[in-house]
Amino acid sequence: MPPAAKDDGTDPEHHIWRLGRRDLLGVLGWGGVFTGLGIGNAALVRMLYPRVLFEPPTAYKIGRPNEYAPASVSSKWIKDYRFWLVRFADRFVAVSAICTHLGCTPRYLGTEDKFKCPCHGSGFRGLNAGWEHIAQNFEGPAPRPLERYHLSLADDGQILVDKGQVFRTDKGQNEEPGAFLPYS
Ligand code: FES
């Protein structure tokens, strides 16, 4: 049996393999460096530009209380903000115009004093139901009353409505702070 060839770099076959292995390690090495740099850069970019969700504002100033007639349902903000501002003898209530059935926009029918949804016919009680029961569902498929939005008075005396805070009649939240704005 011939003695095993000594790997001294002079055997062309071994030499080629050794170079190939070296090259491979070199490629892997640089690949690793670049991959590492790539991850580092991505982390750096994320640190410099953190992911921030820019959500639209939920609070709006809607004028002074005396701009709204006593005992009235104002549809002034339906188009822009989708709620009615209702003025009772001693308070304001902001009623959501999102039907609790499937989310259509009801209309306030003054002659019938009710909020009526055009999609599947749900009806909700109007001004004469009083602040406790306004927006109560009474006909059609809507499963619960329309919601109410948070009201407060801003520093400049304007009414501030915040649609980010919701109150539900069916959960007994009508008298919680912010569920109405006292005014007389
Ligand atoms: Fe209003 Fe169906 S969405 S009744």
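Numbers here are sequence positions counted from 1. Start at 1 and go down the list; that is how both ligands and their atoms are numbered.
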- Do C117 and C99 have their SG atoms under 2.5 angstrom apart?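 Between C99 and C117 there is no disulfide, given that their SG atoms are not under 2.5 Å apart.
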- Message: Side chains of D113 and Y108 only: does a donor on one sit below 3.5 Å from an acceptor on the other?
- Response: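 Per modelled atom types, D113 and Y108 side chains form a pair under 3.5 Å.
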- Query: What part of C104, side chain from CB on, backbone N/CA/C/O, both or neither, has a heavy atom under 4.0 Å from ligand 1?
  - Reply: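 Both backbone and side chain.
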- Item | C99, portion touching ligand 1 at heavy-atom distance under 4.0 Å |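 It is the side chain that gets close, since no backbone atom is under 4.0 Å.
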- Task: Provide, to 0.1 Å, the distance between atom 4 (S) of ligand 1 and the closest protein heavy atom, together with that atom's residue and name.
- Result: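 Checking every protein heavy atom, the shortest distance to atom 4 (S) of ligand 1 gives S122 OG, 3.1 Å.
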- Message: Starting from atom 3 (S) of ligand 1, what is the nearest protein heavy atom, named by residue and atom, and what distance separates them?
- Response: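 Looking only at protein heavy atoms, the one closest to atom 3 (S) of ligand 1 is L102 N, 3.3 Å.
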- Query: Which angle, to 10 degrees, forms at atom 2 (Fe) of ligand 1 with ND1 of H120 on one side and ND1 of H101 on the other?
  - Reply: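 An angle of 100° at the metal.
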- Look at atom CZ of R107 and say whether more than 12 heavy atoms of other residues, nucleotides or ligands are closer to it than 6.0 Å.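 It does not: R107 CZ has 12 such atoms or fewer within range.
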- Rounded distance (nearest 0.5 Å) linking atom NZ of K114 with atom CD1 of I134: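 Atom-to-atom, K114:NZ and I134:CD1 are 14.5 Å apart.
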- Drop me the distance from W131's CH2 to F88's CZ, to the nearest 0.5 angstrom.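 Going from CH2 on W131 over to CZ on F88, the span is 9.5 Å.
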- Taking only heavy atoms of C117 into account, list the atoms of ligand 1 that are under 4.0 Å away from them.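 Every atom of ligand 1 under 4.0 Å from some heavy atom of C117: 1 (Fe), 3 (S), 4 (S).
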